[in-house]
Amino acid sequence: MSLSKNSGPHTVSDRLAHNALRHFSERLIEMLLFAAAAVSVLTTVGIVYVLVSESIHFFQNVPLVDFLTDTQWTPLFDDAHFGIMVLVSGTLVSSAVALLVAIPMGTTIAIYLSEFSNPRVREIAKPVLELLGGIPTIVFGYFALLMVTPLLQKIFPELPGFSLLSAGLVMGIMIVPYIASLSEDAMRAVPMSLREGSYAMGSTRLHTAIHVVVPAAFSGLAASYILAISRAVGETMILAVAAGMQPNLTWNPMEPAATITSYIVQVALGDLPHGSLGYQTIFAAGLTLILITLAFNILGQWLRRKFRENY
Amino acid sequence: MQVHDHPALKAEARDLSFFYGEAKALKHINMPIYDKKVTALIGPSGCGKSTYLRSFNRMHDLYPGNRYEGEIRFFPDNTNLLSPDVDPIEVRMRVGMVFQKPNPFPKSIYENVAYGLRVRGENNKRVLDDKVEQALRGGALWDEVKDRLHDLASNLSGGQQQRLCIARALATDPELLLFDEPTSALDPIATGAIEELVHELKKRVTILIVTHNMQQAARVSDYTAYMYLGEMIEFGKTDEIFIKPNDKRTEDYITGRMG
């Protein structure tokens, strides 16, 4: 304390700088933190680098137009076709089924937990819900194959043993906790003053929830939906187990089909010679997957900015 | 309380007490609210004036553990607003409220004003257009927003937002309008506009206003109540309260020796 008096304007910083040990440990911590950040960035860069560089070889052999427009995906046959739309259709159909389940259900649960349930119910329900998100997806896959498909076959007798519908439904259930949990956080962040304003107008709880809280939390809801889409598009095991793996260009969820992810699993498990065209399809498919996810992420960022609320 | 030739009663608190859980926040308050007059509630922070105000539209019902004792009689029908048999939503249909911080909904200007009407089941566009315009004129905002009714309300300035909230409350023709420190988040010019508006509004609606600002109470109100530690210390005509308060505590507060 007394040192800092009358000894010029640099007293404090000089004293800090002269403590060599502290200086060193500060630097060390800073470097550790930077390294941690760098690892994740470099990993992403590395993944993109590998995908792009291998895909370049692939596209030297297969024209991009064929890749996008061909209606068959038979990379391992003698008469090889590389129409990625075959896999994209499976991915999009199964994701759409999943989202049709997950978005209404997750949002409803979030509205209930945030606006209606009493605190004790919420304290129990939320962890249980989040537990659902921790179940390994392979378990969900077998649940789809052995429980949901037979049940669905009672309603639709013509449903095959593997279908996008069954896998998509279960994938939707898997995603519900993500949407419910994130949406509930977003809705609880809506200031009480807005709700009070609505109640003071003679509004009911449901009316307040739908007409005030949901619009006010919309950017958060949109973010949770986008995360859900990314999860659905990238989900692998449920589809590999329950959706069948045959490439099938279809928009009908009642059919079996391969998705981008389940194709990659299938091929990566086989013994493909390194550097062969079949081997390179993995990277082209992977790159397509990343681009789809990226597109949805950009859409999500845009939605968040557009609907951000200033309370 | 002096005997005067007072106007008709709009509401009356009778032996009103209020509890946040165990804590007694209001203690046996008796007070008349006169029809088409402005009544100001003043007192230091934590004296219970907002708690008292929020009893009139049963806002406390939103939170668990709150309890009322006593009555608030509402006239001409002599309903006890606090009776468990009275639906708080019915109460809020008749008693409007404007909050401390402007709280427009994340909707357009038009939809903000139409909100209460839609809650009441009104969906006829002609009727809505009409009432929205009337309410915005009543809130002294019409000329500023008539060309951009479908802009987001959050794009308005703070003072405009608060007048929008007043218009929103007016749209449903409330009988009693509660103001909870409506100008504490506003600059002096916006404050002046709101005060002028309050003065204008008392022609058609009874007003109860909580304020921290004693000049404001003196400027806008016909009657003033001084509260301290959950008790109603003094109630009377504003001129009398400010010129010759009966209670020493009121005098101390008004002259700035306390609070």
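Not measured: the values here are computed from a predicted model. Below, chain A is the first sequence line, B the second, and so on; all start at residue 1.
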* Asked: Tell me, side chain or backbone of B:P102 under 4.5 Å from chain A's heavy atoms, or both, or neither?
  ->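 Neither; nothing under 4.5 Å.
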* **Proximity breakdown for B:V98 and chain A, heavy-atom pairs closer than 4.5 Å** =>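 Looking at B:V98, nothing touches chain A.
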* Mind checking side-chain contact (heavy atoms from CB on, under 4.5 Å) for A:V176 and listing every partner two or more places apart, or none if nothing turns up? =>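 With neighbours one apart ignored, the set is A:A102, A:M105, A:I109.
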* Asked: Got a salt bridge between B:K125 and B:D129, using NZ or NE/NH1/NH2 to carboxylate O under 4.0 Å?
  ->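 Result for this pair is yes, salt bridge flagged.
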* Lys/Arg N to Asp/Glu carboxylate O, B:E122 vs B:K131, below 4.0 Å ->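 No, this pair does not count.
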* Asked: Going by residue number, which parts of residues 57-72 of chain B are within reach of chain A, meaning a heavy-atom gap below 4.5 Å?
  ->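 The stretch touches chain A at B:N57, B:M59, B:L62, B:Y63.
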* Residues of residues 73-92 of chain B near chain A, each having a heavy atom less than 4.5 Å away ->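 Only B:I89, B:R92 of residues 73-92 of chain B have a heavy atom under 4.5 Å from chain A.
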* Within a radius of less than 6.0 Å around CZ of B:F19, do more than 12 heavy atoms belonging to other residues, nucleotides or ligands occur? ->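 Enclosed: over 12 neighbouring heavy atoms sit under 6.0 Å from CZ of B:F19.
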* Flag if over 12 foreign heavy atoms under 6.0 Å of CE, A:M147 ->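 Atom CE in A:M147 is not packed in, count stays at 12 or less.
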* Asked: Cationic tip of B:R54 within the cone over B:F18's six-membered ring, i.e. under 6.0 Å and within 45° of the normal?
  ->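 No, B:R54 does not sit over the ring of B:F18.
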* Asked: Which of the residues B:M97, B:M93, B:R168 is involved in the greatest number of heavy-atom pairs with chain A at under 4.5 angstrom?
  ->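 Looking at each of B:M97, B:M93, B:R168 in turn, B:R168 comes out on top.
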* To do: Classify the angle between the aromatic ring planes of A:Y112 and A:F116 as parallel (below 30°), tilted (30 to 60°) or perpendicular (above 60°).
  =>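 Ring orientation, 0 to 90° scale: parallel.
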* How are the rings of B:F56 and B:Y52 set relative to one another: parallel (under 30°), tilted (30 to 60°) or perpendicular (over 60°)? ->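 Ring orientation, 0 to 90° scale: perpendicular.
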* Asked: To the nearest 0.5 Å, how far apart are CG in A:L132 and CD1 in A:I175?
  ->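 Nearest 0.5 Å value for the CG-CD1 distance: 11.5 Å.
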* Asked: Is there a donor-acceptor contact under 3.5 Å linking the side chains of A:S198 and B:Y115?
  ->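 Yes, a side-chain donor-acceptor pair sits under 3.5 Å.
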* Can you name the residues that form a salt bridge (Lys or Arg N to Asp or Glu O under 4.0 Å) with B:E175, not counting sequence neighbours? ->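 Salt bridge (Lys or Arg N to Asp or Glu O under 4.0 Å) list for B:E175, sorted by chain: B:K10, B:R94.
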